[in-house]
Amino acid sequence: MTEAGVALRLQNIRRAFGDLTVIDNLSLDIVAGEFLAILGPSGCGKSTLLRIVAGLTPPDSGTLQITPPDLRFQNAFVFQEAHLLPWRTVLENAALPLELMGVDAAERTARARATLAEVGLADAESRYPAQLSGGMRMRVSLARALVTKPRLLLLDEPFAALDEITRFRLDVRLRDLWIERGMTVIFVTHSITEAAFLADRAVVLTRRGCGVKLDRRLDLPRARDNDLRLSPQLAVEMQALLGAMEEEG
Amino acid sequence: MRKALPAAIPFLVVTLALEWLVRAGFVPAFLVPPPSAVLQTMIHDWPELFAALLKTSAGAVIGFALSAIGGIAFAVFLSSSRAIQRAFYPYAVFFQTVPIIAIAPLLVIWFGYGMRTVVASAFIASIFPVIANTLSGILSTDPALRDLFRLYGATSSATLWKLRIPAAMPQILTGLRIAGGLAVIGAIVGEFLGGQGLGSVVDIARTQQRTDKVFAAVLLASVLGLALFGFINIVSRLALRRWHASEQN
Ligand SMILES: Nc1ncnc2c1ncn2[C@@H]1O[C@H](COP(=O)(O)OP(=O)(O)O)[C@@H](O)[C@H]1O
Ligand SMILES: [Mg+2]
């Protein structure tokens, strides 16, 4: 564990868009280095919550405390789709955050290369996004997020648009990367299977007002692979999450 | 050359049909000259026509270059805030709606007889599509990518050069394509009143009832328009071929 994750404390967070209160009085503690999945019905405010945590949008009230605080660029964000710069090669896309932060060319190229290798894209560095499959594009997007060695990785339904087998592979890769790096991960998804497979802790949000319906520690092994998907242990966890989701549905 | 063939066929058909219509007496030759007469005039008056073509080209190209630079810069300025757009966009629309033929006499008063009037006329006639297309391209930049740039603390100039301008490039080039043709029209209108070139050739030939010479000059003006269009297409191909669907295959 070279990069320790950050701890987060959200207290009484509130956010409204006009008359619509999306998040009301939400409090959540996240331990450093935790892999947290956030589940909830579509439109309940998961993306809004993630954007608040990323600092992309301020809450109307409440506090967000990050420990250790004020480290610049310790966040990374992965969107629902890859959102690459189509006029740049894979390597240039992966190096973009370092470029914007002012890292010099030689270093950012080396670091982007190393990160691309970590997501299994060592051979694709000079290709353009238009020449890649959806899964490869998402890998580039993941590499772009990881290249700064973030201490907090935020993912907003990142693999939702991919086919299942590609998604399974990326789930496993992400979990391994988390084990290697020890960063804090918040993974938003509407897939119960994915939440249970990936996370150590799952939070189910309520449909309205965005309260916490269920906050559950998942009793699963640390290292995970596809064999786990059909195991009774995972089924137990999925059952619990499904129950909470259904009460909200 | 092979790609030009499909376009050459309608030209040949219309030319031959015109020749026949005029010779057979269906259309009086003083209204529409037979293409053979236009060709003869083209050869006979070539030194005069060619000199006029060069003048018009200079006026149109300089006017076009100014509206490309000015239009993009103005659109970047407009894109900086909604308030600025509200305050200044209506004046950009002025360029779109002003009848260039009506203000050309004013241009002569302001700029005198000669190149400056021609350039001003080409500029006014062609800047609006550059502004409108660039602005719409910049404003439709992917919001997720804008968030990404914000997350890494990108400066506004980095965001402009690395994100907004490249993202708007397909639309900028569309604007330039339209502007090319309009710049030729603007230059010729300017020459009608205050310059020398194909516009003044047309004007003089018209008063002498030399429809053959009018046609020869108009033909050269359209060749100029086509050349400008072709040039922008080449630039577009070079700039976009790697990433934009419009320039692939
Ligand atoms: N910028 C915004 N302006 C207005 N309403 C918004 C905005 N962002 C989100 N919303 C609304 O807030 C609610 C929650 O959105 P979101 O956080 O995207 O939900 P989720 O990610 O859980 O599907 C939705 O009803 C959405 O329409
Ligand atoms: Mg969402």
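Predicted model, so just to flag it, every value in this text is computed and none were measured. Chain A is the first sequence line, chain B the second, and so forth, proteins listed ahead of strands; every chain is numbered from 1.
- For chain B, the nearby part of A/Glu99 is the side chain; its heavy atoms alone come within less than 4.5 Å.
- Proximity to chain B (any heavy atom under 4.5 Å) is restricted, for A/Leu84, to the backbone atoms N, CA, C and O.
- The distance from the CZ atom of B/Arg150 to the OG1 atom of A/Thr57 is 8.0 Å, given to the nearest 0.5 Å.
- When all heavy atoms of A/Ala76 and B/Tyr152 are compared, the pair lying nearest together is CB-OH, 3.8 Å.
- Here CH2 of B/Trp243 is found 9.5 Å from CG of A/Leu85. Values are rounded to the nearest 0.5 Å.
- For CD of A/Gln80, the number of neighbouring non-hydrogen atoms (other residues, nucleotides, ligands) closer than 6.0 Å is greater than 12.
- Looking at B/Ala158, the atoms closer than 4.5 Å to chain A (heavy atoms on both sides) all sit in the side chain, from C-beta outward.
- In this structure, CG in A/Leu100 is found 10.0 Å from CG in B/Leu151, a value given to the nearest 0.5 Å.
- For B/Asp142, the part lying near chain A is the side chain, with the backbone staying farther off; criterion is any non-hydrogen pair under 4.5 Å.
- The contact between A/Arg144 and chain B is made by backbone and side chain atoms together, counting heavy-atom distances below 4.5 Å.
- Taking a 6.0 Å sphere around CZ of B/Phe231, one finds it holds 12 or fewer heavy atoms contributed by other residues, nucleotides or ligands.
- When heavy atoms are compared at a cutoff of 4.5 Å, A/Phe77 approaches chain B by way of both its backbone and its side chain.
- With a 4.5 angstrom heavy-atom cutoff, B/Leu240 does not touch chain A via any of its atoms.
- The distance from atom CZ of B/Arg242 to atom OG1 of A/Thr89, rounded to the nearest 0.5 Å, is 9.5 Å.
- Counted within 6.0 Å of CZ on B/Arg116, heavy atoms from surrounding residues, nucleotides or ligands total 12 or fewer; the atom is thus considered open.
- Remark: A/Phe17 CZ is packed, more than 12 non-hydrogen atoms of other residues, nucleotides or ligands lying under 6.0 Å away.
- B/Leu148 places a side-chain heavy atom less than 4.5 Å from the side chain of A/Phe79.
- Neither the backbone nor the side chain of B/Ala239 comes within contact range of chain A; no heavy atoms are under 4.5 Å apart.
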